[in-house]
Peer 1: 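First, the structure itself, so that you have it in front of you.
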Amino acid sequence: MIVKPEFYATDTVTVARKLLGCLLIHEDRHGITSGRIVETEAYLRDDPACHASRGKTARTAVMFGPPGHAYVYLIYGMYHCFNVVTAPEGVGEAVLIRALEPVDGIELMEKRRGTREIRNLCSGPGKLVLALGISPKHNGVALYEGALRLSAPKKSEMPGEDQIVTTPRIGINVAAEAPLRFYLKGNIYASRPCKVSRAEAKRSVRS
DNA sequence: ATGATGATTAACT
DNA sequence: GTTAATCATCATG
């Protein structure tokens, strides 16, 4: 079942946790690819690490737009990250999808990623964008009516609260301690079980 | 196994 | 000019 737009219109942390187990699907002329979400991060309006925290700009406009749409942006000049816009319209919050467990179109993902190691196809935000063929043109599209969509798991496959591990986010320099990263316990497709982020390491060298 | 580095662009100071 | 929600590759223990 496709996730309805109302699902996204509430508290971003709740949405980030409930997105675990959902299926992200992308269909294009090359075929269909999909994966189960196993790792997410929440970005909140009063959170300095959140692009939208300093107000609406051309880049962050979609974060303030209707919930249930995609926010895709360029990172480090090389990769893109895929987010789901959350909270009511006008509130700039989103959930970063950090890792997927590959489900459909694995062969196509292998081609797009240039590797055959299944654990390396979608185990990171930049990787899953490549594997599913997501591009900047998806910035702003609705995730409940197009080629790029989100589907809820069957009840039997819905992860329980006790399966969710909470840790600090990865790769950020500000608000580095906030417990806003969520992943499925023991899942080998998460970007990493837990580790100090490089940003944190860098910071301790500087001080 | 862990750790450092380069690639490459847009937004922001 | 600097920074950034990253990744692959190369070096070192």
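All values derive from a computational prediction rather than experimental measurement.
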Peer 1: Heavy atoms from C-beta onward define the side chain here; which of dA10(B), dT8(B), dA5(C) lies closest to that of Leu74(A)?
Peer 2: dA10(B)
Peer 1: Have a look at Ile75(A) and say if it touches a base, only the backbone sugar-phosphate, or nothing, with a 4.0 Å heavy-atom cut-off.
Peer 2: sugar-phosphate
Peer 1: Please give, in whole Å, the distance from dT6(C) P to Glu39(A) CD?
Peer 2: 10 Å
Peer 1: Let's test your reading of the model: under 3.5 Å, does the base of dA5(C) pair with the side chain of Tyr73(A) as donor and acceptor?
Peer 2: yes
Peer 1: Flag yes if Phe182(A) and Tyr71(A) sit in one hydrophobic cluster, no otherwise; membership is Ile, Leu, Val, Met, Phe, Trp, Tyr, and two members link when side-chain heavy atoms are under 4.5 Å apart.
Peer 2: no
Peer 1: Would you say the ring centroid of His80(A) lies under 6.0 angstrom from that of His138(A)?
Peer 2: no
Peer 1: Please state the P separation for the pair dT13(B) and dA5(C) - nearest whole angstrom.
Peer 2: 14 Å
Peer 1: Using both pair distances under 3.5 Å as the test, note the stems of at least 3 consecutive Watson-Crick or G-U pairs that include DNA chain B.
Peer 2: B:1-7 with C:6-12, B:9-12 with C:1-4
Peer 1: With centres under 5.5 Å and planes under 30°, do Tyr79(A) and dT6(C) count as stacked?
Peer 2: no
Peer 1: Report all interatomic pairs (protein N or O, nucleotide N or O of nucleotides 11-13 of chain B) with separations under 3.5 Å.
Peer 2:
residue, atom, partner, partner atom, Å
dC12(B), OP1, Thr57(A), OG1, 3.1
dT13(B), OP1, Arg54(A), NH1, 3.0

Peer 1: Is the gap between the ring centers of His51(A) and Tyr73(A) under 6.0 Å?
Peer 2: yes
Peer 1: Between Arg181(A) and dA5(C), is there a side-chain N or O to OP1/OP2 distance below 4.0 Å?
Peer 2: no
Peer 1: Do Tyr43(A) and the base of dA5(C) stack face to face, with centres under 5.5 Å apart and an angle between planes under 30°?
Peer 2: yes
Peer 1: For dT6(C), take OP1 and OP2 only and decide whether either is under 4.0 Å from a side-chain N or O of Arg98(A).
Peer 2: yes
Peer 1: Does dA5(C) have its OP1 or OP2 closer than 4.0 Å to a side-chain nitrogen or oxygen of Asn83(A)?
Peer 2: no
